[in-house]
Amino acid sequence: MSALPSSLTYTGDSIPRPLIRRRHFVLREPTPEIERSIFIPKIISKPVNPGYGFKFAIFAGIHGDEEAGTLAAFDLIRWASEQPVELHDYELHIYPVCNPTGRRSRTRHSGSGIDLNRQFWNESDEPEIQYLEGELRREKYDGIISLHSDTDSDGVYGFVGGSFLSEHLLKPALRAASKILPRNDSQVIDGFLADRGIIREGYLGMLTAPPGQSSSALEIVFETPSLAPMPLQVSATVVAVKTILARYRQLQSYAPNL
């Protein structure tokens, strides 16, 4: 197996797996044993100076039938590999397939029939949730970005939580993405009150930072309209994430002068 680019590290759960490298990311060997397993891959893009960087996580594919987020995550992995200088001050952790059994069956729910994005911080026995909760507790991310798509929406929108900065980052991300797909400007989206595509509430059990985390992480969920052409969904998602990261860097550079 050839090595990953020096700026990237591949990891995942604690069970050793045979690996193969394709393009700029790593996949498992498609053996029957592994096809039946649950393995959530994790790719880390390192900052230029190890230990000095904004620590962000990107989670995709927690609903197995929402492929746009997973494809966008792979595009972001390639970007981190090919243009590491653009992420020189970020430690970026990317989880491109958070529901591998659901993705294999192309269903929203996991192989056990559970909507994983309603199980967080509720003492869930689901192995995917236990692994991801362990990651969230251990890593203590500065920012969490979740990628989704919505069959009932005709445009991009998002949820914000955690740090007050979340909304200040989602606004420009939606503006940038709306150049590719329209923004959903409905006053009610998914049953929640919305303001120009921004929802300030969320579902019980959705992926968030751990309760009681000492420093408040920013939390953003970015949603694309799943009936839109897949290439446009992927492009809009990638642009939104890049905008969030660039805007966060800009706000942090202002902080010493405030």
Requested in this report: Under the side chain to side chain contact (heavy atoms under 4.5 Å, CB included) rule, what do L207 and I62 come out as? Steps first, then yes or no, please.
Outcome: CA-CA 9 Å; L207 191 156; I62 200 162; 4.2 Å; yes
Query raised in the report: Taking it one step at a time, do E133 and W121 satisfy side chain to side chain donor-acceptor pair (under 3.5 Å)?
Result: CA-CA 8 Å; E133 285 183 349; W121 315 118; 5.3 Å; no
Requested in this report: Applying side chain to side chain contact (heavy atoms under 4.5 Å, CB included), run through R103 and E67 and close with a yes or a no.
Outcome: CA-CA 8 Å; R103 190 183 186 219; E67 187 72 358; 2.5 Å; yes
Query - Chi angles and distances behind the side chain to side chain contact (heavy atoms under 4.5 Å, CB included) call for L169, E167 - result: CA-CA 5 Å; L169 301 176; E167 186 169 339; over 6 Å; no
Report task. For the pair D115 and H63, evaluate side chain to side chain contact (heavy atoms under 4.5 Å, CB included) and give the outcome as yes or no after the intermediate values. Result -> CA-CA 7 Å; D115 185 339; H63 292 141; 2.8 Å; yes
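Residues L170 and F164 share a single hydrophobic cluster, defined by chaining ILVMFWY side chains whose heavy atoms lie under 4.5 Å apart. The cluster map of Ile, Leu, Val, Met, Phe, Trp and Tyr, joined by side-chain heavy atoms under 4.5 Å apart, puts V160 and L193 in different clusters. Transitive grouping of hydrophobic side chains (ILVMFWY, heavy atoms separated by less than 4.5 Å) keeps V48 and I77 in distinct clusters. Both L251 and L92 are assigned to one and the same hydrophobic cluster, defined by single-linkage of ILVMFWY side chains at heavy-atom distances under 4.5 Å.
Of the possible donor and acceptor atoms, none in the side chain of D89 sits under 3.5 Å from a partner among the backbone N and O of G53. Distance alone, capped at 3.5 Å, places no donor-acceptor pair between the K46 side chain and the E91 backbone. A side-chain donor-acceptor contact under 3.5 Å links T70 to the backbone of P96. Here the side chain of E219 pairs no donor or acceptor atom with the backbone of I145 at under 3.5 angstrom. Using a distance-only test at 3.5 Å, with no hydrogens or angles considered, no donor-acceptor pair links the side chain of H168 to the main chain of L165. For the pair S235 (side chain) and L232 (backbone), a donor-acceptor distance under 3.5 Å is absent. Between the S124 side chain and the F120 main chain, no donor and acceptor come within less than 3.5 Å of each other. Remark: side-chain polar atoms of S216 are paired, donor with acceptor, to backbone N or O of S163 under 3.5 angstrom.
Using a 4.5 Å heavy-atom threshold, the side chains of H109 and I114 count as separate. Here the side chains of D125 and Q130 are in contact, with some heavy-atom distance below 4.5 Å. Using a 4.5 Å heavy-atom threshold, the side chains of L147 and V241 count as touching. When side chains are defined from C-beta on, Q83 does not count as touching R78, because their heavy atoms never get closer than 4.5 Å. Counting heavy atoms from C-beta outward, I220 and S146 have side chains that stay 4.5 Å or more apart. Side-chain contact between Y90 and D142 is absent, with no heavy atoms from C-beta onward closer than 4.5 Å. Side-chain contact between E126 and S112 is present, with at least one heavy-atom pair separated by less than 4.5 Å. Side-chain contact between T224 and D150 is absent, with no heavy-atom pair separated by less than 4.5 Å.
Judged by distance alone, the side chains of Q250 and R247 do bring a donor and an acceptor atom under 3.5 Å apart. Judged purely by distance below 3.5 Å, without hydrogens or angles, the side chains of N184 and S186 pair a donor atom with an acceptor atom. In the model, E223 has no side-chain atom that pairs as donor or acceptor with a side-chain atom of H148 under 3.5 Å.
A salt bridge is defined here as a Lys NZ or Arg NE, NH1 or NH2 lying under 4.0 Å from an Asp or Glu carboxylate O, and E66 with R106 fails to meet this definition. Taking a cutoff of 4.0 Å between a charged side-chain nitrogen and a carboxylate oxygen, K242 and E86 do not qualify as a salt bridge.
Note that OG of S149 and CG of D65 are 7.0 Å apart. Values are rounded to the nearest 0.5 Å. Taken to the nearest 0.5 Å, the NZ atom of K179 stands 13.0 Å off from the CG atom of L174. Taking CG from N117 and CG from L204, the interatomic distance works out to 11.0 Å, rounded to the nearest 0.5 Å. One finds the CD1 atom of I94 at 7.0 Å from the CD1 atom of I43 (value rounded to the nearest 0.5 Å). Note: I144 CD1 to S166 OG = 9.5 Å, rounded to the nearest 0.5 Å. Atom CG of L116 and atom CD of E128 lie 5.0 Å apart (nearest 0.5 Å).
The heavy-atom pair separating A177 from F222 by the smallest distance is CB-CZ, 3.8 Å. Closest approach of A72 and T237 over heavy atoms only: CB-CG2, 3.6 Å. Nearest heavy atom pair, residue D154 against residue P182, reads O-CG, 3.5 Å. The two residues I38 and P127 have their closest heavy-atom pair at CD1-CG, 3.7 Å. Smallest separation of non-hydrogen atoms from A80 and S45: CB-OG, 3.7 Å.
Ring centroids of F54 and Y248 are separated by less than 6.0 Å, placing the two rings close together.
Checking each of V238, L181, V156 against Q233 for a side-chain contact (heavy atoms from CB on, under 4.5 Å) leaves exactly one that passes, namely L181. With D195 as reference, R200 is the one residue of R183, K171, R200 to meet the salt bridge (charged side-chain N to carboxylate O under 4.0 Å, His left out) rule.
Apart from L227 itself, the hydrophobic cluster it occupies contains nothing, where clustering links Ile, Leu, Val, Met, Phe, Trp and Tyr at side-chain heavy-atom distances under 4.5 Å. Cluster partners of F159 are Y157, I189, F192, I199, Y203, M206, V221, counting Ile, Leu, Val, Met, Phe, Trp and Tyr whose side-chain heavy atoms approach within less than 4.5 Å, directly or via other members.
Residue-environment remark: CZ (R249) exceeds the threshold of 12 foreign heavy atoms within 6.0 Å.
Aromatic ring orientation, Y95 versus H93: tilted (interplanar angle from 30° to 60°).
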